[in-house]
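A short write-up of the structure that comes next.
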Amino acid sequence: MTAAHIPAEADWERAPGLMDGALNLELPAAACGLAYWLGSVPQGTLRGHVRGHADDVRPLDVVAGKGPLNSALVQELAFRSLAEEKATRAIGHLVALAPDNATMEFYATQLLDEARHAMVFRGHLLQLGVAEHELADEVERVAARDSADILVPLENFGLRVLRDERDFIGGVLVLTVLVEGVLAPAAELSERKWRVFDPAAADIERGAGIDEIRHLTVGSSVLREHLLKHPEEKPRLLELMAEGYELWGKLPTTEQLLRREALFQQGVEEHGHLLGDYEAWPGRRLADTTAEERMETGRSWAERMQHTRLAYMGLGEAI
C-alpha cells in the first residue's frame with residue numbers, strides 16, 4: 001500500500017489527535033483486521049518511527065539530565081510500560097475468546113500494538129539516563145508501588161472476567177471503557193506537555209495515540225454491534241461497569257498523577273522560558289498552567305470521551 005492509500009487515521013502526518021479521533025471516528029472490527037494493519041500501520045504510523053520517534057529526535061538537556069522533569073517522565077514511562085505489558089497479556093485472552101475471525105484478527109493486532117508501546121516506553125528510559133543493564137530493576141524501583149496499588153487490582157478484575165469467566169464481551173467492555181477510555185485522555189495530555197521539553201517522548205505518545213484511536217473506536221463498535229443483536233445483555237454489562245467504576249474510585253490514581261504533575265510543575269518553574277508561547281490547549285500557554293489545572297483538564301477530557309462513547313454503544317444509562 002502506497003502512502004497515498006494509507007487511511008488518514010493510521011498515517012503519521014494526517015491522523016487526528018487522540019481525543020478528536022476517538023470522539024468522531026467509527027471503525028468496525030471487520031475493517032481493521034490483519035490486512036488493514038499490515039497495509040497501514042508499518043507504512044503509516046510506524047514509517048520511520050518503529051521505536052516511537054525518528055533517530056534524530058532527542059529530549060532537551062533539562063529532561064535528559066537529572067532534575068524534576070527527568071524524574072516526572074521516568075516515573076510516567078516506567079508505569080506506562082508496565083501497564084502496556086499487562087494489557088498485552090490480557091488481550092491474549094480476547095484473541096483466544098473472539099467469536100469470529102474479524103474480532104480475532106483485530107485483537108491480534110491490538111496485542112502487537114500494546115507490546116510495541118511497552119517496548120518504546122522502556123526504550124525511551126535509556127535516553128533519559130537509565131543504564132540498559134539496570135532497566136528492568138529501575139522500572140521495578142520506580143513503578144512497583146503504583147503497579148501494586150493501581151495496575152494489579154485492574155489486572156485481577158480483568159482476568160476474572162476474561163480468564164475465569166471467559167466473558168469475551170465483558171472483557172471488551174473492561175478494556176475499552178474502564179481502562180483505555182480512562183487512560184487515553186491522559187496520554188493526549190502527556191503528548192502536549194512534553195512536546196517542547198522532550199519531542200521524542202511527545203512523538204512516542206503521538207504514535208501510541210494513533211493506535212489507541214483504533215483500539216477505542218473498534219472496541220466501541222464491537223460493543224455496539226453486540227448490544228444491537230443482544231439487547232438483553234445490557235443490564236449485565238451495566239452491572240459490570242458499575243463494579244468497574246467502583247473499583248476505579250478506590251484506586252489512588254489522583255495521588256499518583258498529582259505526584260508526577262508536581263514534579264513537572266517544578267520543571268516548568270525552573271525552565272518555563274523554554275516553552276515560550278507554546279499552548280497546552282487552545283488559548284492556554286503551558287507555562288501558565290498549574291498541576292491541578294492540567295489534572296482537571298485531563299479528567300474533563302476523560303469524562304467527555306466516556307460520555308460520547310457510552311452513548312454510541314447504547315450504554316448511556318451508565319453516565
*Using 4.0 Å as the upper bound for N to carboxylate O, is an ion pair formed by Asp146 and Arg260?*
no
_Are Leu69 and Ile204 connected into the same hydrophobic cluster when the rule is that any two of I, L, V, M, F, W, Y join if their side-chain heavy atoms are below 4.5 Å apart?_
yes
_What verdict does the side-chain contact (heavy atoms from CB on, under 4.5 Å) test give for Leu240 and Leu178, after you've listed the backbone C-alpha separation in whole Å, the side-chain angles of each residue and the deciding distance to 0.1 Å?_
CA-CA 10 Å; Leu240 182 61; Leu178 299 173; 5.6 Å; no
*Test item: side-chain donor near acceptor, Thr289 and Arg294, under 3.5 Å*: yes
_Transitive ILVMFWY side-chain link Phe106 to Val179, under 4.5 Å_ = yes
*Flag the pair Glu255 and Arg259 as a salt bridge only when some basic side-chain nitrogen lies within less than 4.0 angstrom of an acidic carboxylate oxygen.*
no
*Side-chain donor-acceptor pair under 3.5 Å between Glu114 and Gln110, yes or no?*
yes
*Would the number of heavy atoms belonging to other residues, nucleotides or ligands and lying under 6.0 Å from CD of Glu246 be above 12?*
no
*Indicate the atoms forming the closest heavy-atom contact of Leu38 with Gln43, along with that distance.*
O-OE1, 3.1 Å
*Could you tell me whether the side chains of Glu293 and Thr297 share a donor-acceptor contact shorter than 3.5 Å?*
no
_Atom of Ala208, atom of His117 and distance for their closest heavy-atom approach_ = CA-NE2, 3.6 Å
*Is a salt bridge present between Glu239 and Arg236, judged by a nitrogen-to-oxygen distance below 4.0 Å?*
no
*Can you measure from CD1 (Ile6) to CH2 (Trp12) and round to the nearest 0.5 angstrom?*
13.0 Å
*Short side-chain to backbone donor-acceptor contact, Asp167 and Leu162, under 3.5 Å*: no
*Over 12 non-hydrogen atoms of neighbours within 6.0 angstrom of CZ in Arg285*: yes
*Out of curiosity, does Tyr245 fall in the hydrophobic cluster containing Leu247 (side-chain heavy atoms, cut-off under 4.5 Å, transitive links)?*
yes
*asked:* To the closest 0.5 Å, what do you measure between CE (Met305) and CD (Glu180)?
replied: 10.0 Å
*Side-chain donor-acceptor pair under 3.5 Å between Trp37 and Asp113, yes or no?*
yes
*To the nearest 0.5 angstrom, please state how far the CD atom of Glu269 sits from the OG1 atom of Thr290.*
10.0 Å
*Looking only at non-hydrogen atoms, find the nearest pair between Met313 and Ser220 and report the distance.*
CE-OG, 3.4 Å
*Starting from the C-alpha separation in whole Å, work towards a yes-or-no answer on side-chain contact (heavy atoms from CB on, under 4.5 Å) for Arg192 and Leu286.*
CA-CA 9 Å; Arg192 299 185 186 198; Leu286 178 57; over 6 Å; no
*Using a strict cut-off of less than 4.0 Å between a Lys/Arg side-chain nitrogen and an Asp/Glu carboxylate oxygen, indicate whether Glu205 and Arg80 qualify as a salt bridge.*
yes
*Supply the atom-to-atom distance Ser147 OG to Leu82 CG, rounded to the nearest 0.5 angstrom.*
5.0 Å
_Looking at Asp164, I want to see if its CG is surrounded by more than 12 non-hydrogen atoms of other residues, nucleotides or ligands under 6.0 Å._
yes
*What class does the angle between the rings of His53 and His124 fall in, given that below 30° is parallel, 30 to 60° is tilted and above 60° is perpendicular?*
perpendicular
*Could you tell me which non-hydrogen atom of Ala291 sits nearest to which non-hydrogen atom of Ala262, and how far apart they are?*
CB-N, 4.3 Å
*asked:* For a salt bridge (charged side-chain N to carboxylate O under 4.0 Å, His left out) check, start with the C-alpha distance between Arg206 and Asp203, then their side-chain angles and the critical distance, and finish with the verdict.
replied: CA-CA 5 Å; Arg206 164 72 171 162; Asp203 280 353; over 6 Å; no
*asked:* Quick check for you: to the nearest 0.5 Å, what is the distance between Glu233 atom CD and Leu228 atom CG?
replied: 13.0 Å
_Quick one, Thr176 and Val222 - any side-chain contact, counting heavy atoms below 4.5 Å?_
no
*Taking all atoms of both residues into account, what is the closest heavy-atom pair of Leu135 and Arg122, and its distance?*
CD1-O, 3.8 Å
*Is the shortest distance from a Lys or Arg side-chain nitrogen in Arg299 or Glu303 to a carboxylate oxygen in the other one below 4.0 Å?*
yes
*asked:* As an exercise, state the distance from CD1 of Ile210 to OG1 of Thr45, rounded to the nearest 0.5 Å.
replied: 4.5 Å
*Any chain of hydrophobic side-chain contacts (each under 4.5 Å) joining Phe264 to Tyr278?*
yes
*Go through Arg58 and Gln127 one step at a time and tell me if the side-chain contact (heavy atoms from CB on, under 4.5 Å) criterion holds.*
CA-CA 8 Å; Arg58 291 287 189 273; Gln127 290 188 303; 3.1 Å; yes
*In one Ile/Leu/Val/Met/Phe/Trp/Tyr side-chain cluster, 4.5 Å: Leu263, Leu60*: no
*Within a strict 4.5 Å, meaning less than it, do heavy atoms of the Glu292 and Leu258 side chains meet?*
yes
_With side-chain contact (heavy atoms from CB on, under 4.5 Å) as the criterion, how do Phe79 and Ile150 come out once you've worked through the C-alpha distance, each side chain's angles and the decisive distance to 0.1 Å?_
CA-CA 10 Å; Phe79 179 79; Ile150 298 171; 4.1 Å; yes
_More than 12 heavy atoms of other groups within 6.0 Å of Asp55 CG_ = no
*Is the backbone of Asp288 close enough, under 3.5 Å, to the side chain of Arg284 for a donor and an acceptor to pair up by distance?*
yes
*Taking NZ, NE, NH1 and NH2 as the nitrogens, is one of them in Lys193 or Glu261 under 4.0 Å from a carboxylate oxygen of the other?*
yes
*Apply the test side-chain hydrogen bond (donor to acceptor under 3.5 Å, both in side chains) to residues Ser221 and Glu225: give CA-CA distance (whole Å), side-chain angles for both, the deciding distance (0.1 Å), then the verdict.*
CA-CA 6 Å; Ser221 177; Glu225 291 174 9; 3.2 Å; yes
*What are the two closest non-hydrogen atoms of Ala287 and Gly272, and how far apart are they?*
CB-O, 4.2 Å
_Ring-face cation of Arg160 near Phe157 (centre distance under 6.0 Å, axis angle within 45°)_ = no
